[in-house]
Amino acid sequence: MKHLLYLLFWLLPATADAQADWQEALRAWMTAEDMEESYGEETMEMLEERALHPINLNQTNRQELEMLPFLTAQQVEDIVAYLDRYKPMRSLSELQMIVSMDQRTRRLLQHFVVAGEEEPARIWPKLGDVLRDGKHLLTATAKVPFYKRKGDDNGYVGYKYRHDVRYQFNYKNKIKFGLTGAQDAGEPFFTNKNKAGYDHYAYYLQLRDMGRLEELNLGTYRVQMGMGLVMNTGFQLGKLTTLQSLGRSTHMLTAHASRIQSGYLQGAAATVRIADHWRLTAFASYQHIDATLNDDGSARTLLTDGYHRTETELSKKGNTHETDLGGSIGWRRGALYIHANGVYTHYNRRLQPQKNVAYRQYAAEGNGFFNASVDYGYTHYRWTLAGETAVSQDGAVATLHTVSYRPAENLTLMALHRYYDKRYTAQHARSFSEGSGIQNEHGIYVGATWKVSHAWLIQGYADYAHFGAPRYQVSAASDAFDLLCSVRYAHGNWTADGRYRLHIRQRDDSEKQQLVNRPEHRIRLGAGYALPNGLTLRTQIDGIVVKTLNGQRKGLMAGEHVAWNYRWLKADGHIAWFHTDDYDSRLYQYEPSVRYDFSFPSYYGHGLRYSLMAQADICRQLSLCMKLGVTNYFDRSTIGSGLQQIDRSSMADLLVQLNIRL
């Protein structure tokens with residue numbers, strides 16, 4: 001069976017696309033912590049959607065361009081100014097006229113924009129045009145494991161296969177609606193509490209650019225306001241990506257079409273242009289969420305993993321109700337803007353976390369929570385200022401400010417300061433932080449991007465954070481320091497990059513009598529070469545040395561990625577050998593996967609990971625993608641623990657995806 005699958009992947013014809021190109025570029029801007037906290041998955045989901053339906057630069061606006069997280073505020077402003085003066089843009093080669101945009105950003109941007117025809121202004125499109133020019137996309141994905149977990153025989157109430165189906169209709173990014181159904185392995189399907197079929201559904205209708213109605217979302221959606229201190233259910237930028245975007249403030253509504261089962265809202269949201277320079281956004285949401293309950297019926301912990309595989313997990317499904325109301329009113333004139341934002345969240349059960357441990361002393365408690373903020377900014381061709389100041393209902397303050405300065409065309413400097421009171425709580429806040437939330441942190445971040453020449457790019461940052469109250473595994477006030485330096489070379493068919501990161505965090509010692517430093521050193525070296533025949537090679541080596549309470553731990557990973565594109569043929573192969581001392585010394589390496597399945601897994605122990613993927617256009621409307629992944633461990637006879645335990649030293653699974661485009 002296994003040999004047959006290998007043969008299938010080598011013989012299966014495939015179609016070339018540029019998905020891996022932008023995925024690899026975005027991966028280079030993310031750190032291990034971004035991947036571990038799923039920030040990368042949300043960002044990739046959003047960009048996958050944008051790559052499928054590129055922005056027409058001749059029909060776009062500032063808000064739509066701000067959906068691309070790798071663009072700085074200055075670059076967005078310069079694109080808008082260029083289009084106002086020279087529109088219509090005839091070719092994407094005109095992007096070279098925008099001085100603030102380097103070659104690397106231009107090449108990445110070309111995956112998400114087109115220079116299409118400029119259509120006559122029309123508030124509501126004609127029904128005939130919508131029916132004729134609208135695009136339908138149906139995607140079905142299934143993951144087949146060639147192994148059994150303990151829970152598959154006794155514990156999980158569903159079968160071992162993961163699958164999802166997505167349908168979307170899109171008319172020129174103006175009208176979009178769709179439905180997503182998703183099922184994790186082990187969850188019931190059309191039985192138990194899932195009698196409606198899938199465990200999770202996302203459904204949405206989105207209208208954009210309908211006169212004064214700039215955007216309307218019905219169903220499931222995400223909201224981003226300001227710099228995320230009161231509301232950000234969208235993607236989150238990591239530290240290296242923040243340097244690229246220069247801490248840009250964003251106001252955005254997006255449809256939630258993902259299999260991700262947390263972080264979104266459900267109801268209605270709209271943005272209306274109430275005057276030439278004034279915009280109003282309002283949203284209302286009501287949904288069922290999961291929670292672990294106390295004996296008195298209050299909610300001890302809100303759950304976000306979305307797993308409903310056992311009777312215990314199913315008993316927590318939708319046992320708490322959440323209502324969210326909020327909005328923003330903003331004024332913008334050219335490069336200057338200011339917004340006032342407010343969010344109210346109410347739970348039908350009282351949040352009552354267990355506060356018998358010091359690090360939960362300031363955890364959110366109660367039924368209702370209100371937060372308000374003001375965000376503001378100004379963009380100049382040399383410098384950019386942006387900030388947000390927020391307050392919670394008890395008067396606690398959170399504030400974040402960034403400034404970037406470009407003393408020369410090839411050099412950009414940035415500084416970011418944040419202060420989050422230990423008493424500040426916001427249920428939907430997500431922003432720049434060293435800690436796990438927007439609370440109990442005071443820090444300063446500085447970074448620089450230096451384009452040494454056409455081929456060389458150097459980036460780096462240093463970040464210091466102080467925590468005035470106890471944290472998880474830290475029983476007193478503590479500090480953290482994070483330093484990263486990245487060098488990239490690209491010339492002709494060659495690319496090479498190197499990265500070093502030092503991350504120092506304080507932890508309790510084994511007796512919990514004092515704090516000790518936990519320094520972590522990570523290094524990455526990579527090189528790639530593109531041959532004229534469509535063959536691309538990339539070699540990457542990752543290493544880690546970390547000091548723990550049990551002594552120094554080390555890890556090493558070496559990987560090779562091979563991609564072959566020839567007209568309609570595309571195949572990807574990936575292999576990585578890893579050897580680490582334990583989980584504390586785990587390593588991450590990006591791995592190409594099927595559409596909507598962002599893969600950046602961690603590995604620890606001693607083993608070998610390899611995968612083969614092929615994509616095929618069966619006809620113009622139908623495509624098929626398959627990926628076989630295998631992980632062999634040399635240092636264990638079982639994998640995982642508890643109900644996830646696999647009683648063997650290797651695991652293999654097959655991803656199959658069918659795409660129908662009409």
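The residues of the chain are indexed from 1 along the displayed sequence. A quick note: this is a predicted structure, and the numbers were derived from the prediction, not measured.
Within a 6.0 Å radius of CH2 in Trp577, more than 12 heavy atoms belonging to other residues, nucleotides or ligands are found. No more than 12 heavy atoms of other residues, nucleotides or ligands lie within 6.0 Å of NZ in Lys547, so this atom counts as exposed by the packing criterion. The neighbour count for Tyr464 OH, taken as heavy atoms of other residues, nucleotides or ligands under 6.0 Å away, is above 12. The local environment of CZ in Arg332 is crowded, with over 12 non-hydrogen atoms from other residues, nucleotides or ligands closer than 6.0 Å. More than 12 non-hydrogen atoms from other residues, nucleotides or ligands lie less than 6.0 angstrom from NZ of Lys355.
Among all heavy-atom pairs drawn from Lys451 and Glu409, the shortest one is NZ-O, 4.2 Å. In terms of heavy-atom proximity, Leu229 sits nearest to Leu400 at CD1-N, 3.9 Å. Nearest heavy-atom pair, Pro470 versus Ser475, reported as atom, atom and distance to 0.1 Å: CG-O, 3.7 Å. Minimum heavy-atom separation, His574 to Tyr590: CE1-O, 3.6 Å. Closest of all the heavy-atom pairs between Thr320 and Ala291 is OG1-CB, 3.4 Å.
Rounding to the nearest 0.5 angstrom, the gap separating the CZ atom in Arg522 from the CD1 atom in Ile544 is 3.5 Å. Going from atom CZ of Phe578 over to atom CZ of Arg586 covers 14.0 Å, rounded to the nearest 0.5 Å. To the nearest 0.5 Å, atom CD of residue Glu434 and atom NE2 of residue His442 are 14.5 Å apart. Taking CG of Leu325 as the reference point, atom CZ of Phe283 lies at 7.5 Å (rounded to 0.5 Å). Between the OH atom of Tyr424 and the OG1 atom of Thr399 there is a distance of 10.0 Å, given to the nearest 0.5 Å. To the nearest 0.5 Å, the span separating CD on Glu66 from CD on Gln224 amounts to 10.0 Å.
Using a 4.5 Å heavy-atom threshold, the side chains of Leu587 and Tyr603 count as separate. By the 4.5 Å heavy-atom criterion applied to side chains, Cys485 and Arg499 are not counted as neighbours. When side chains are defined from C-beta on, Arg300 counts as touching Gln354, because their heavy atoms get closer than 4.5 Å. Side-chain contact between Asp290 and Leu302 is absent, with no heavy atoms from C-beta onward closer than 4.5 Å. No side-chain heavy atom of Tyr489 sits under 4.5 Å from any side-chain heavy atom of Thr495.
Remark: side-chain polar atoms of Gln514 are not paired, donor with acceptor, to backbone N or O of Asp508 under 3.5 angstrom. With hydrogens and angles ignored, the 3.5 Å screen pairs no side-chain donor or acceptor of Glu388 with any backbone N or O of Gly226. Proximity of a side-chain donor or acceptor of Arg501 to a complementary backbone N or O of His521 within less than 3.5 Å is not detected. Side-chain N or O atoms of Gln110 include none that pairs as donor or acceptor with a backbone N or O of Arg107 at under 3.5 Å. In terms of modelled atom types and a separation under 3.5 Å, the side chain of Asp375 and the main chain of Ala340 share no donor-acceptor contact. Distance alone, capped at 3.5 Å, places no donor-acceptor pair between the Asn341 side chain and the Met225 backbone. For the pair Asn440 (side chain) and Ala469 (backbone), a donor-acceptor distance under 3.5 Å is present. Checking side-chain atoms of Thr250 against main-chain N and O of Met252 turns up no donor-acceptor pair under 3.5 Å. Side chain of Asn517 to backbone of Pro519: no donor-acceptor contact under 3.5 angstrom is found. Under a 3.5 Å cut-off, the side chain of His561 and the backbone N or O of Thr539 do not form any donor-acceptor pair.
No hydrogens or angles considered: nothing links the side chains of Thr379 and Gln74 as a donor-acceptor pair under 3.5 Å. Side-chain contact check for Thr631 and Arg609: at least one donor-acceptor pair (N or O, by modelled atom type) lies under 3.5 Å. Judged by distance alone, the side chains of Thr292 and Thr301 never bring a donor and an acceptor atom under 3.5 Å apart. Between the side chains of His417 and Tyr445, no donor-acceptor pair is found at a separation under 3.5 Å. Under 3.5 Å, the side chains of Tyr604 and His579 contain no donor-acceptor pair of N or O atoms. Donor-acceptor pairing under 3.5 Å is lacking for the side chains of Tyr264 and Ser285. Between the side chains of Ser298 and Asn294, at least one donor N or O sits under 3.5 Å from an acceptor N or O. Side-chain contact annotation: His428 with Asn232, donor-acceptor N/O pair under 3.5 Å absent. Of the N and O atoms on the side chains of Thr281 and Thr271, at least one donor lies less than 3.5 Å from an acceptor on the other residue. Between the side chains of Asp542 and Gln589, at least one donor N or O sits under 3.5 Å from an acceptor N or O. Asp78 and Ser100 share a donor-acceptor pair across their side chains, judged by distance under 3.5 Å alone. Of the N and O atoms on the side chains of Asn550 and Thr548, not one donor lies less than 3.5 Å from an acceptor on the other residue. Remark: the His380 side chain and the Glu77 side chain contain no N/O donor-acceptor pair separated by less than 3.5 Å.
Contact check on Asp584 versus Arg553 returns no salt bridge, with no Lys/Arg side-chain nitrogen under 4.0 Å from an Asp/Glu carboxylate oxygen.
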Using the rule given for side-chain contact (heavy atoms from CB on, under 4.5 Å), can you reason through Met101 versus Leu109, listing the C-alpha separation, both sets of side-chain angles and the distance that settles it, and then say yes or no?
CA-CA 10 Å; Met101 193 172 299; Leu109 181 63; 3.8 Å; yes
Carefully, step by step, assess Arg418 and Asp463 under the rule salt bridge (charged side-chain N to carboxylate O under 4.0 Å, His left out). CA-CA 11 Å; Arg418 74 273 191 191; Asp463 182 47; 2.6 Å; yes
- Give the intermediate values and the outcome of salt bridge (charged side-chain N to carboxylate O under 4.0 Å, His left out) for residues Lys422 and Glu441. CA-CA 7 Å; Lys422 62 186 177 183; Glu441 182 171 336; over 6 Å; no
- request: Before giving the answer on side-chain contact (heavy atoms from CB on, under 4.5 Å), spell out for Asp497 and Arg538 the whole-Å C-alpha distance, their side-chain angles and the decisive distance to 0.1 Å.
  value: CA-CA 11 Å; Asp497 55 86; Arg538 175 171 172 81; 3.0 Å; yes
For the pair Asp482 and Leu502, evaluate side-chain contact (heavy atoms from CB on, under 4.5 Å) and give the outcome as yes or no after the intermediate values.
CA-CA 6 Å; Asp482 192 1; Leu502 169 63; over 6 Å; no
Self-check item: Test salt bridge (charged side-chain N to carboxylate O under 4.0 Å, His left out) applied to Glu520 and Arg518, step by step
Solution: CA-CA 7 Å; Glu520 179 180 289; Arg518 185 183 184 274; 3.6 Å; yes
**Request:** Decide side-chain contact (heavy atoms from CB on, under 4.5 Å) for Gln540 and Arg524; before the verdict, give the C-alpha distance in whole Å, the side-chain angles of both, and the deciding distance to 0.1 Å.
**Result:** CA-CA 7 Å; Gln540 182 172 303; Arg524 172 180 297 171; 3.4 Å; yes
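Less than 6.0 angstrom separates the ring centroid of Tyr376 from the ring centroid of His401. A distance of 6.0 Å or more separates the ring centres of His256 and Tyr221.
In terms of the side chain to side chain donor-acceptor pair (under 3.5 Å) criterion, His491 has no residue partners (sequence neighbours excluded).
Taking the six-membered ring where the residue is Trp, Trp383 and Tyr378 present tilted rings, their angle falling between 30° and 60°.
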